[in-house]
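One-based numbering, in listed order, for ligands and for the atoms of each. Fair warning: this is a prediction, and the values are worked out from it, not measured in the lab. All residue numbers in this chain count up from 1 along the given sequence.
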Amino acid sequence: MKIVYLNSSGGAGGLESALFDMLASVREAEPGWSLNLIVPDEGALAGRAREIGVGVNVLPFPPSLARLGDAGAGGPAGRGVGRAKLLGQLLASTPSALLYARRLRRVLEGLAPDLVHTHGLKTHVLGAWARPRGVPVVWHVHDYAGRRPVMRLLLRASSRRAAAGVANSESVAADARALFGRGRGVRVKTIYNAVDLERFAPEGEVADLDALAGLEPAADGTIRVGLVSTLARWKGQRTFLEALSLLPEDLRVRGYVTGGALYRTEGSQFQPEELKRMAREFGLERSVGFTGFVPDAAAAMRALDIVVHASTEPEPFGLVIAEAMACGRAVVASRAGGAAEIFKEGADALGHEPGDAPALAACVARLAESAPLRAALGRAARETAVRRFDRARLAAELVPVYREACAAGGESEGAGVMKEVLSGE
Ligand code: GLC
């Protein structure tokens, strides 16, 4: 079997980590298969994929396409960007998208896959239109497409060309089914993400977060609390900083914001300077550090006593929660969307309502005050991760989806102008 994976970034976001683990899992379960990855840029995913024997093709996006609805940004579409502006962006990028899809089709024809597995909303559309005749495309949805006005239109219009759908949580599956499920004939199956349980483990290297943040080493007994995420605004950096400012003064806590600005979409992410200013406004200049992006996320998590996930919008899955659980950390997560499906409140993590800074502060204070509670949650979290997030499960669930899609064969070909433009007729 020959599979080509498409993603809209070769870099280092959550989606890219999740995809890497799928590649690794399938590679291990089916060593005889040929796996290829097509991404628009070089980065951590592209490099790590090569290391495990996946062929990597870098096919750069034209700039207007790169800016269009950056898939990894995750949050609700059009946030801070008006609908009209989005439609403008879409129109402006149409000619280059068509050209790109043509080039993509040529690359796909050269690779001659049995199946194409796409990740990222933009990539689903491109993959659906660029696939060679008769090759099934599986859409693996990592975000709420229904919240993105432009993407939802494009996905619906392309759904006849998708053989099957996969979603990273039940919550995302429900959103996807409403868009292109039953009525439109795309079956959507939930496959939860997984992590590398050896890499994300309680024991291992520990990052020096103080040094990375340019702070003096914290005094002994200081409880380290960190938000590990990209700097996308909906990841809740503000809620986290506000929660830290609400902690009782006698608690010896140091906060860390760990993450970098990854996306190209304008306005959807914080710049580090903005966050530092916000921390000063909350009176936290001496009690919060900004480490920037830390490539070894597991080492960063092991340096923390409490890992916080604070997304202010429903989180499609929240890979960082599963990773922190696998590291045996005490986790506080925002209880909405797919994230709410991956932990059991009070048993293997604590939860708070999205955006509720006082509730988050209460969870952090409870954990900071009790080493036994942190240890008990951390132990249970690791057990849950071993039971639910072992990446060997990924191949066991994906391979049947691939086989079924291939058995169903190439279904209807789209017609009309798109087809003509793409095939250069
Ligand atoms: C997207 C989602 C995130 C999920 C990741 C991997 O980035 O926003 O919640 O963890 O994909 O599926």
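Contact check on Arg379 versus Asp348 returns no salt bridge, with no Lys/Arg side-chain nitrogen under 4.0 Å from an Asp/Glu carboxylate oxygen. Under the 4.0 Å criterion applied to side-chain N and carboxylate O atoms, Arg199 and Glu205 are not assigned as salt-bridge partners.
Atom numbering of ligand 1 starts at 1 in the shown order; those under 4.0 Å from a heavy atom of Asn193 are 6 (C), 12 (O). With ligand atoms numbered from 1 in the order given, ligand 1 contributes 6 (C) to contacts under 4.0 Å with heavy atoms of Ala18. Within the listing of ligand 1, atoms 3 (C), 8 (O), 9 (O) sit less than 4.0 angstrom from a heavy atom of Glu315. Listed by number with element, the atoms of ligand 1 under 4.0 angstrom from any heavy atom of Asp143 are 1 (C), 2 (C), 8 (O).
The backbone and the side chain of Pro316 each have at least one atom closer than 4.0 Å to an atom of ligand 1 (non-hydrogen atoms only). The proximity of Val320 to ligand 1, defined as any non-hydrogen pair under 4.0 Å, does not occur for either the backbone or the side chain. With a heavy-atom cut-off of 4.0 Å, Leu319 touches ligand 1 through backbone and side chain alike.
Aromatic rings from Tyr402 and His117 are positioned such that their centres are separated by under 6.0 Å. Ring centroid separation for the pair Tyr192 and Phe389 does not come in under the 6.0 Å cut-off.
Residue-ligand proximity: Gly318 is placed with a non-hydrogen atom under 4.0 Å from ligand 1.
Residue contacts with ligand 1: Lys235 is placed with no nitrogen or oxygen under 3.5 Å of a nitrogen or oxygen of the ligand (distance criterion only). For the pair Trp234 and ligand 1, the shortest N or O to N or O distance does not fall below 3.5 Å.
Judged by the 6.0 Å and 45° rule, Arg233 forms a cation-pi pair with Phe270.
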Inset, instruction - Give the C-alpha distance, both sets of side-chain angles, the deciding distance and a yes or no for side-chain hydrogen bond (donor to acceptor under 3.5 Å, both in side chains) between Thr118 and His124. - result: CA-CA 5 Å; Thr118 61; His124 301 325; 2.7 Å; yes
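Contact detail for Leu373 and Ser370: the closest heavy-atom pair is N-OG, 3.0 Å.
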